[in-house]
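In what follows, a structure is listed as structure tokens, so that the remarks can point back to it.
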Amino acid sequence: MTYSSLLNTLLEKKIITTELATKIDFEEKNKLFSIHWELRTLLYLGITCLTTGLGMLIYKNIDTIGHNIIIGLIAILCAVCFYYAIKHIKPFTWDEVLNSESLVDFTLLGACILFLILEGYIQYQYNLFGNRYGVAALIPAIVFFFCAYRFDHRGVLSMAITALTSWIGVSVAPASLWKNNNFNTLNLTLTALLLGCFLIIIGWLSEKNSKKAHFGFTYLLMGGNMAFVAALVGLFNFDYKIIYFMLVIVLSYLSIIYAQQKQSYLFLLMGVIFGYSAITYGFFKVTPDNLDFFLYQLYFLASAGGTIYFLINIKKIIKPKGV
């Protein structure tokens, strides 16, 4: 039923008066329309275009401009962005900072991106850190974690977690593995698994203790995906497959329970998809190679039926208990 027909029905049944219907119609036709997310999207695109354009300008005019001038310009722009963010900083609190200025959020994000560009440029051109790549990855992690908590910025928190992951990865894996793009090692897999579980615990503690509880989603999302992928890599490539299989199943169960509590479709999909991947791999691993092809078809038909059931009843699955 459309808005106009509903209003007419209410008038015909004398549920509302003509005067009230006129006021409702006026408010409906003249109500304000929020462009909050459109503006935020444009600001994100603006920051992306600015940093991309800066990179292209440097690449095409490096011989004309000179390295020192470029580094100086990036450093000045980065300092200006940090200065603006610090000037408009809110008092620190463990709760979510409400009514913060959007421009400060984007300025801080731009400052962190420029800081990363500046450090990478200096390392590439002057080899400031030498072969100590771990130090080069650790510095942004420390800066970004401090900025994320001090300015209450989830975007910078994501950058901090990424930098932390890079630092741990560089520290664990020899440089030769990174040069040869060989990441399929047991040490790296176990490290990613432990780091993912650590981030999950941090996210859970953040929500439980109400210490930047709104950061919990970022920790749980990034840590959960990291732990899931690492467990699947271990399941596909290494021994003790039953352990990795059980880890995926436990993570899937916890993800689904969390999705039910928070009514989150994302964590529900994570638990189902990663869990289904592990179960499918386990099914084909334990079945004999000469098994009738019909049974394989039957498995996929049953999986398709389960997927359809899941999509139809997804709202019932995440409904909180007692509702």
Side-chain angles (χ1 to χ4, degrees), residues 32-58 71 73-121 137-167 199-200 202-207 209-226 262-267:
L32 298 176
F33 176 75
S34 175
I35 57 172
H36 172 76
W37 291 110
E38 288 80 358
L39 290 176
R40 290 184 71 90
T41 302
L42 288 175
L43 285 170
Y44 275 119
L45 288 175
I47 292 173
T48 303
C49 291
L50 175 63
T51 52
T52 303
L54 182 63
M56 294 178 64
L57 178 66
I58 292 172
I71 290 174
L73 289 174
I74 297 174
I76 292 172
L77 187 57
C78 179
V80 169
C81 291
F82 272 122
Y83 171 78
Y84 182 85
I86 294 172
K87 186 178 179 181
H88 296 84
I89 195 171
K90 299 285 185 180
F92 178 78
T93 174
W94 285 110
D95 299 321
E96 184 176 5
V97 177
L98 302 176
N99 301 322
S100 62
E101 298 182 26
S102 297
L103 188 57
V104 175
D105 293 339
F106 292 105
T107 303
L108 178 64
L109 184 62
C112 291
I113 294 175
L114 288 170
F115 178 82
L116 205 57
I117 293 173
L118 179 64
E119 186 198 35
Y121 193 105
L138 179 61
I139 292 176
I142 295 173
V143 173
F144 294 164
F145 269 116
F146 173 79
C147 291
Y149 277 86
R150 186 60 188 88
F151 292 90
D152 195 59
H153 200 296
R154 277 172 281 191
V156 176
L157 177 65
S158 299
M159 296 176 63
I161 295 173
T162 303
L164 175 65
T165 304
S166 301
W167 171 64
L199 292 175
I200 291 173
I202 293 296
W204 175 71
L205 289 175
S206 297
E207 293 187 348
N209 298 323
S210 298
K211 301 293 186 181
K212 294 293 182 184
H214 53 291
F215 281 5
F217 176 85
T218 304
Y219 280 115
L220 290 169
L221 180 62
M222 299 186 73
N225 277 287
M226 189 183 303
K262 300 296 182 179
Q263 301 185 56
S264 171
Y265 292 105
L266 179 58
F267 282 95

Do [X] and [Y] make a side-chain contact, defined as non-hydrogen atoms from C-beta onward lying under 4.5 Å apart?
X      : Y      : result
Lys212 : Asp152 : yes
Glu207 : Leu220 : yes
Phe115 : Ile74  : no
Arg154 : Glu96  : yes
Cys147 : His153 : no

Any chance you could measure [X], atom [atom1], to [Y], atom [atom2], to the nearest 0.5 Å?
X      : Y      : atom1 : atom2 : value
Tyr83  : Thr107 : OH    : OG1   : 13.0 Å
Leu164 : Ile142 : CG    : CD1   : 10.0 Å
Ile202 : Met222 : CD1   : CE    : 14.0 Å
Phe145 : Met159 : CZ    : CE    : 12.0 Å
Arg150 : Ile86  : CZ    : CD1   : 9.5 Å
Ile117 : Ile71  : CD1   : CD1   : 12.5 Å

Q. If every non-hydrogen atom of Val97 is compared with every non-hydrogen atom of Thr93, which pair is closest and at what distance?
A. CG2-CG2, 3.9 Å
Q: Can you see which heavy atom on Ser166 is nearest to which on Ala137, and at what distance?
A: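 Residues Ser166 and Ala137, closest heavy atoms: C-CB, 4.2 Å.
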Q) Is it true that Phe82 and Phe151 have ring centroids separated by less than 6.0 Å? A) no
Q. Sequence neighbours excluded, which residues qualify as ring-ring contact (aromatic ring centres under 6.0 Å, His included) partners of Tyr219?
A.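 Per chain and number, Tyr219 pairs via ring-ring contact (aromatic ring centres under 6.0 Å, His included) with no residue.
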Q | Option passing ring-ring contact (aromatic ring centres under 6.0 Å, His included) with Tyr149 (candidates Phe92, Phe215, Phe144) | A |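 When ring-ring contact (aromatic ring centres under 6.0 Å, His included) is applied between Tyr149 and each of Phe92, Phe215, Phe144, only Phe215 qualifies.
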Q: Evaluate ring-ring contact (aromatic ring centres under 6.0 Å, His included) for Phe106 paired with Tyr84, printing each intermediate quantity in order.
A: CA-CA 11 Å; Phe106 292 105; Tyr84 182 85; over 10 Å; no
